[in-house]
Amino acid sequence: MDEGLFCLEERSMVDLEKMRHSAAHVLAQAVVQYLGSTVKLGIGPAIEDGFYYDFELPRSLAPEDLREIEKLMSRIVEADLPFVREELPKAEARKLFAQLAQTYKVELIDDIPDEVVSVYRQGDFVDLCRGPHVESTGKIGAFKLLSVAGAYWRGDSDRPMLQRIYGTTFPTAEELQGHLERLEEAGRRDHRRLGRELDLFSVSDEVGPGLILWHPKGAMVRKVIEDFWRAEHIRRDYDLVNTPHVGRLDLWKTSGHWDWYRENMFPPMNIDDQEYLLKPMNCPFHIMIYKSDLRSYRDLPLRWGELGTVYRYERSGVLHGMLRVRGFTQDDAHIFCQPDQLEAEIVGVIDLAQYMMQTFGYDRYDVELSVRDPLRKEKYVGGDEVWEMAEGALIRALEQKGVPFKRMEGEAKFYGPAIDIKVKDALGRPWQGPTIQVDFNLPERFDMEYVGADGQRHRPVMIHRAVLGALERFIGGLIEHYAGAFPVWLAPVQAVVIPIADRHLPYAETVLARLSEAGIRANVDGRREKINYKIREAQLQKIPYMLVVGDQEASVQAVAVRLRSGENLGPIGVETLIEKAVSQMESRSLKLS
RNA sequence: GCCCACGUAGCUCAGUAGGUAGAGCACAUUCUUGGUAAGAAUGAGGUCACCAGUUCGAUCCUGGUCGUGGGCUCCA
């Protein structure tokens, strides 16, 4: 990239942040004007696409209030009040905000280690703030308030719930408009909306929240992904296993989940005087398979994969379509290996993850390596040597694959270091991608062993890994990534044959028979409707191939092909079309042709 | 779980200052046999989320429950 351009972008990002932060101050001033001096201010930072400000208010806000507050903000912007920075000793600042009865600000001041703090004033409004700000309120561009939401003071659910107003601002009205349009586009891609429109899945009150019903078309997409997943794992020397949905509570006591994960589990059920649990994870079952036999170092590594359905109790407020649910199927696998095999195994998993992400069209991602907090080593199970061995293996594996990564100190779970891949979708939004987690805890708790070349018993290393994560979340994400227009290999219906008149129906059926024989998922739209109507419907269903058949086509064993893109390819021989579609399926092409 | 908003036909939404409701799309029937994004007519379809309360009378007011959405928090 051109360096000058880069600098320019860098600078404008800083400016944008300054402007957004300044807009937050203007919002706060407007809210105080609107609701009076009993308003208590929380914090008001710039965020990725705008800004917010948290308030404790005498009453709750309605959407109409946002319009009034916006008007007041416009007046403040028009008045072009200068932002004036002032530095004062902590004690003095404390007194100032105590006088204003700004208890949250006083709390913030008490937490600032420096002796001098800065405040910014615009007009009669003053706020504790590190800055920087734009010179005056007139420098704030086009803005809009978007929503009101609840937010705990300092994110702590034991502290008061404040009202948060979200807004956004851009240098120009056009850029603001562009952003609002992107939000609309995200809304159009919403998997919940597309899930209904494309008849992929639903959630039923009667069944229960957070439980997904896969309709035939959604189930087909899932089936294709599962087939791909299984085939790819078998190809890479994994073995597949299957384990039940429930198991004895004692198993979860041994694993430790009952102690540290209980709030996320469904309560136990009593069967024949024994407590059973709906499984929140697959690992203990895989471990029991491991322990069903005495293992030799010659058996390792063992790679066992399962599309395992688990149930986790999620608090009602966090459920969201297919993305956050209470029952889901993980593409789980556990690798049991010797310590010196760890690096090679991690390389293999990274390679698999990259291949699968790329196949689904996720070509942008960030990799994070979660390691121990070096200052609090006592929080973690396992000694220094195992952690250093494992961290070293992960780092060497990443380097071997040439993957740039960010080291996240203190982000590791207590039981081992991990690699997390965050993918970006077509709209540049981040999604949780593949995860690779080393575990020193479970092999210990379950007393897992293998017999080494020396005839002695040794502890295996365990790796948990998921590439897709959960099928529900992954497919929900795919729906949004593709905006519902699945590539041919994934499309639940790949082709629809559209006869022009009743007399073309028999020919349409012969075309369908040929397509089905070739493994193409297709149907005939034989309704007594005009083709405009049928095309429109197929188009809305985002079916890749629309095959119109009339007298001309029937006479030469052809179909007139219209692609979902709107491109009309004209008449093509049936066999040629089949070849084309099959080649798209086999190559898992992301581009329709 | 917490804060706020919302819940009317399969879907998207109107509506009633309290007197048991309406549109468009979808669906059914009939007419139309039409060459690349909506042909026409007719019809069927709702315990206005559920449970209490106030009222002569509640879809509308009040309370509760369930669910959904935007957040907080958490995670696959």
Side-chain angles (χ1 to χ4, degrees), chain A residues 52 54 56-57 59-63 65 146-166 187 190 192-193 196-197 199 202-210 261 263-264 280-282 308-332 420 431-435 437 464-474 476-477 498-505 527-541 546-553 560-564 566-571:
Chain A
Y52 69 77
D54 288 344
E56 185 181 298
L57 302 175
R59 65 175 175 87
S60 54
L61 293 172
D65 292 315
L146 298 173
S147 61
V148 199
Y152 297 111
W153 168 238
R154 301 191 134 182
D156 181 344
S157 57
D158 294 329
R159 308 294 303 269
M161 173 74 73
L162 306 180
Q163 294 187 61
R164 175 173 296 178
I165 299 178
Y166 281 94
D190 190 306
R192 292 165 299 183
R193 173 186 179 144
R196 144 130 285 296
E197 289 172 1
D199 199 15
S202 64
V203 181
S204 148
D205 285 8
E206 285 81 356
V207 174
Y261 203 70
E263 75 270 17
N264 285 301
M281 303 188 169
N282 304 301
T309 303
V310 298
Y311 295 87
R312 297 186 186 170
Y313 173 74
E314 296 288 352
R315 290 177 296 177
S316 58
V318 305
L319 300 175
H320 180 87
M322 279 185 135
L323 303 183
R324 192 67 188 274
V325 294
R326 284 181 174 160
F328 56 95
T329 301
Q330 287 180 307
D331 75 309
D332 207 358
D420 285 288
W431 295 79
Q432 174 64 51
T435 61
Q437 172 80 55
H464 307 258
R465 42 109 293 181
V467 177
L468 310 178
L471 288 176
E472 285 73 8
R473 177 180 288 183
F474 184 75
I498 300 176
I500 288 173
D502 285 355
R503 65 176 182 283
H504 306 123
L505 202 49
R527 295 174 303 172
R528 294 168 59 95
E529 294 287 352
K530 299 205 166 154
I531 71 159
N532 278 324
Y533 185 86
K534 297 181 187 179
I535 293 277
R536 175 184 155 79
E537 200 140 294
Q539 200 67 52
L540 291 173
Q541 286 297 306
M546 286 157 254
L547 311 177
V548 177
V549 296
D551 292 326
Q552 297 160 35
E553 290 76 19
V561 180
R562 176 193 164 104
L563 301 180
R564 175 175 62 199
E567 196 182 346
N568 197 335
L569 303 184

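In what follows, every chain begins at residue 1, and chains take the letters A, B, ... in the order their sequences are listed.
Separation of the C1' atoms belonging to B:rU54 and B:rU59 is 16 Å when rounded to the nearest angstrom. Comparing the C1' positions of B:rC27 and B:rU12 gives a spacing of 16 Å, expressed to the nearest Å. Rounded to a whole angstrom, the distance from the P atom of B:rC2 to that of B:rU65 is 9 Å. Separation of the C1' atoms belonging to B:rG70 and B:rC61 is 27 Å when rounded to the nearest angstrom. B:rU42 sits 11 Å from B:rG24 when the P atoms are compared, rounded to a whole Å. A distance of about 14 Å separates the C1' atoms of B:rG45 and B:rC25, rounded to the whole Å. Between B:rU20 and B:rA58, the distance separating the two C1' atoms is 9 Å to the nearest Å. For B:rC60 and B:rU55, the C1' atoms lie 13 Å apart once the distance is rounded to whole Å.
A:L146 has its CG atom 10 Å from the P atom of B:rG71, to the nearest Å. Taking atom CZ on A:R473 and atom C1' on B:rC75, their separation rounds to 6 Å, with Å as the unit. Between the CZ atom of A:R154 and the C1' atom of B:rC72 there is a distance of 16 Å, given to the nearest Å. The CD1-C1' distance, from A:I165 to B:rG71, rounds to 13 Å in whole Å. Between the C1' atom of B:rC74 and the CZ atom of A:R326 lies a distance of 13 Å, rounded to the nearest Å. In this entry the distance linking NZ of A:K534 with C1' of B:rG35 reads 12 Å, nearest Å. Distance A:D502 CG to B:rU32 P: 11 Å, rounded to the nearest Å. The separation between A:I535 atom CD1 and B:rG39 atom C1' is 16 Å, rounded to whole Å.
Within 4.0 Å (heavy atoms only), A:L468 reaches no atom of the nucleic acid at all. Among the atoms of the strands shown, none is found under 4.0 Å from any heavy atom of A:D331. Nucleic acid contact class of A:A560 (heavy atoms, under 4.0 Å, all strands): base. When heavy atoms are screened at a 4.0 angstrom cut-off, A:V310 is found touching no nucleic acid atom at all. Within 4.0 Å of A:Y311, counting heavy atoms only, lies no atom of the nucleic acid at all. Among the protein residues, A:G550 comes within range of the nucleic acid bases, having at least one heavy atom under 4.0 Å from a base atom. Contacts of A:E553 with the nucleic acid, taken as non-hydrogen atoms under 4.0 Å apart, include base atoms. Residue contacts shown for A:F474 are absent, as no nucleic acid heavy atom lies under 4.0 Å away. A:R465 comes within 4.0 angstrom of nothing in the nucleic acid, heavy atoms only. Using a 4.0 Å heavy-atom cutoff across all strands shown, A:Q539 reaches at least one base atom of the nucleic acid.
A donor-acceptor contact shorter than 3.5 Å is absent between the side chain of A:D54 and the backbone of A:L162. Not one N or O on the side chain of A:Q163 forms a donor-acceptor pair closer than 3.5 Å with the backbone of A:A149.
Scored by the ring pair (Phe, Tyr, Trp, His ring centres under 6.0 Å) test, A:W153 finds A:Y104 as partners (sequence neighbours excluded). For A:D199, there are no salt bridge (Lys or Arg N to Asp or Glu O under 4.0 Å) partners, not counting sequence neighbours. A:H504 is linked by a ring pair (Phe, Tyr, Trp, His ring centres under 6.0 Å) to nothing, counting only residues two or more places apart in sequence or in another chain. For A:E472, the salt bridge (Lys or Arg N to Asp or Glu O under 4.0 Å) criterion is met by A:R222, not counting sequence neighbours. The ring pair (Phe, Tyr, Trp, His ring centres under 6.0 Å) check on A:Y166 picks up A:Y52, with sequence neighbours excluded. Evaluation of the side-chain contact (heavy atoms from CB on, under 4.5 Å) rule for A:T309 yields A:H245, A:Y311, A:T329 as partners, not counting sequence neighbours. Considering only residues two or more places apart in sequence or on other chains, A:R527 meets the salt bridge (Lys or Arg N to Asp or Glu O under 4.0 Å) condition with A:D525, A:E537. Shown here are the side-chain contact (heavy atoms from CB on, under 4.5 Å) partners of A:R503, two or more places apart in sequence or in another chain: A:A501, A:D551. Applying the side-chain contact (heavy atoms from CB on, under 4.5 Å) criterion to A:I531, with sequence neighbours excluded, gives A:I498, A:I500, A:V548.
Side-chain atoms of A:Y152 come within donor-acceptor range of the base of B:rG1, with a qualifying N/O pair under 3.5 Å. Taking only distance into account, the side chain of A:E314 meets the base of B:rA76 through a donor-acceptor pair shorter than 3.5 Å. Put simply, the side chain of A:R536 and the base of B:rU36 share no donor and acceptor less than 3.5 Å apart. For a distance-only test at 3.5 Å, the side chain of A:R159 fails to qualify as a donor-acceptor partner of the base of B:rC2. Scanning atom types as modelled, one donor and one acceptor separated by under 3.5 angstrom connect the side chain of A:R324 and the base of B:rC74.
In this structure, A:H504 does not reach the B:rG34 phosphate: none of its side-chain N or O atoms is under 4.0 Å from OP1 or OP2. For the OP1/OP2 pair of B:rA37 and a distance below 4.0 Å, the side-chain nitrogens and oxygens of A:R562 include at least one atom meeting the criterion. Taking 4.0 angstrom as the limit, A:N532 places a side-chain polar atom (N or O) nearer than this to OP1 or OP2 of B:rA37. Residue A:S147 places no side-chain N or O under 4.0 Å from the OP1 or OP2 atom of B:rG70.
Note on A:D190 versus A:R192: salt bridge recorded, some NZ/NE/NH1/NH2 to OD/OE distance being below 4.0 Å.
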side-chain contact (heavy atoms from CB on, under 4.5 Å) between A:L323 and A:W431, worked out: CA-CA 10 Å; A:L323 303 183; A:W431 295 79; 3.6 Å; yes

side-chain hydrogen bond (donor to acceptor under 3.5 Å, both in side chains) evaluation trace for A:S204 with A:E206: CA-CA 5 Å; A:S204 148; A:E206 285 81 356; 3.3 Å; yes

Between the protein and nucleotides 3-12 of chain B, list every N/O to N/O distance that falls short of 3.5 Å.
{"unit_1": "B:rC3", "atom_1": "O2", "unit_2": "A:G150", "atom_2": "N", "d": "3.3"}

Interface polar pairs with nucleotides 24-27 of chain B, N/O, under 3.5 angstrom:
{"unit_1": "B:rA26", "atom_1": "OP1", "unit_2": "A:Y533", "atom_2": "OH", "d": "2.8"}

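Residues A:F328 and A:M322 fail the side-chain proximity criterion, which asks for heavy atoms closer than 4.5 Å.
Judged by closest nucleotide on RNA chain B, A:Y166 is the one of A:G469 and A:Y166 placed further toward the 5' end. The residue among A:Y313 and A:L540 whose nearest nucleotide of RNA chain B is located toward the 5' end is A:Y313.
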RNA chain B base-pair string [pairs: Watson-Crick or G-U under 3.5 Å; |: paired with another strand]: (((((((..((((.....[..)))).(((((.......))))).....(((((..]....))))))))))))....

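Between B:rA76, B:rG70, B:rU36, one nucleotide has an atom nearer to the side chain of A:N568 than all others, and that is B:rU36.
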